[in-house]
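Given the structure is predicted, the values throughout are model-derived calculations rather than measurements.
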Amino acid sequence: MNQVIDNIKKSSAIIVGFIALLICIGFGLLRSNQITKLSALESELNTKLDKISLNVKNSENIDADIQTLKSHVSAVDERLFVREERSTNIDFFYSFEEKLDIAISEVMQLERNNARYSLEGPDELKLYSVIDYRITVNGAFHEILRFLYEIYQIDTIARVTGFQIDTTYDSDSDSGELSAQINVAVLATK
């Protein structure tokens, strides 16, 4: 036993190195799981950093884009009907009578029964609503077409959703006057 102790005393540097090697191997085995986790985390963080760099590059003129978007929204807002101003909205359509020399016999605001633009509908409107009108116009064919063209050109955002034309039978007149029922959907405030 003394001889083993003497050999240990002579080669103590080898033993210390061997013990240090065992400790390093133990730490390596314990930390090997962490290395793969940290490598995956590093890769994910590098991907996020690349995305952030691209976003910074693409957002250089974002203030100008926001101002442009706000001006477009205000331009749309100026063209909207106000749902509560029912008589003003109806008078808007009657104003075409003098301008086009056409007879508008009825403008009726309809209750919205079309689920297309309502909540959960396929064309749901989040910022605006739609007001439906049924307009009855009497006149010659070219006058009715001119009326449709005026609706197409107005500043108000409107769409003709239905059109039916019939001849009117007036026993006193043989003028060939027509009667058209036009359904119009107009964008309005919510």
So does [X] have more than 12 non-hydrogen atoms from other groups sitting under 6.0 Å from [atom1]?
{"X": "Phe18", "atom1": "CZ", "value": "no"}
{"X": "Leu45", "atom1": "CG", "value": "yes"}
{"X": "Gln153", "atom1": "CD", "value": "yes"}
{"X": "Asn61", "atom1": "CG", "value": "no"}

Taking C-beta and beyond as the side chain, do [X] and [Y] meet within less than 4.5 Å on heavy atoms?
{"X": "Glu42", "Y": "Asn46", "result": "yes"}
{"X": "Asp77", "Y": "Tyr128", "result": "yes"}
{"X": "Val137", "Y": "Phe96", "result": "no"}
{"X": "Phe92", "Y": "Val107", "result": "no"}
{"X": "Ile102", "Y": "Arg146", "result": "no"}
{"X": "Gln181", "Y": "Thr136", "result": "yes"}
{"X": "Ile131", "Y": "Gln109", "result": "yes"}

Please answer: with hydrophobic residues joined when any side-chain heavy atoms are less than 4.5 Å apart, are [X] and [Y] in the same cluster?
{"X": "Leu80", "Y": "Val73", "value": "yes"}
{"X": "Ile157", "Y": "Val82", "value": "no"}
{"X": "Val186", "Y": "Tyr149", "value": "no"}

Look up atom [atom1] in [X] and atom [atom2] in [Y], then write down how far apart they are to the nearest 0.5 Å.
{"X": "Ile165", "Y": "Leu145", "atom1": "CD1", "atom2": "CG", "answer": "7.0 Å"}
{"X": "Ser74", "Y": "Leu69", "atom1": "OG", "atom2": "CG", "answer": "10.0 Å"}
{"X": "Glu177", "Y": "Ile144", "atom1": "CD", "atom2": "CD1", "answer": "8.0 Å"}
{"X": "Ile151", "Y": "Ile135", "atom1": "CD1", "atom2": "CD1", "answer": "4.5 Å"}
{"X": "Asp50", "Y": "Leu54", "atom1": "CG", "atom2": "CG", "answer": "7.0 Å"}
{"X": "Phe147", "Y": "Glu97", "atom1": "CZ", "atom2": "CD", "answer": "9.0 Å"}

Keeping [X] on the side-chain end and [Y] on the backbone end, is there a donor-acceptor pair under 3.5 Å?
{"X": "Ser53", "Y": "Leu49", "result": "yes"}
{"X": "Arg79", "Y": "Asp155", "result": "yes"}
{"X": "Arg83", "Y": "Val130", "result": "yes"}

Next item on the list: Considering only NZ, NE, NH1 and NH2 on the basic side and carboxylate oxygens on the acidic side, decide whether Glu44 and Lys48 come within less than 4.0 Å.
Entry: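 So Glu44 pairs with Lys48 through a salt bridge.
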Next item on the list: Classify the ring geometry between Phe81 and Phe93 as parallel (under 30°), tilted (30 to 60°) or perpendicular (over 60°).
Entry: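 Ring orientation of Phe81 relative to Phe93: tilted.
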Notebook entry, point to check: Ile52: which other cluster members, linking ILVMFWY side chains closer than 4.5 Å, directly or transitively?
Noted result: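 Grouped by the 4.5 Å side-chain rule, Val56 form the rest of the cluster around Ile52.
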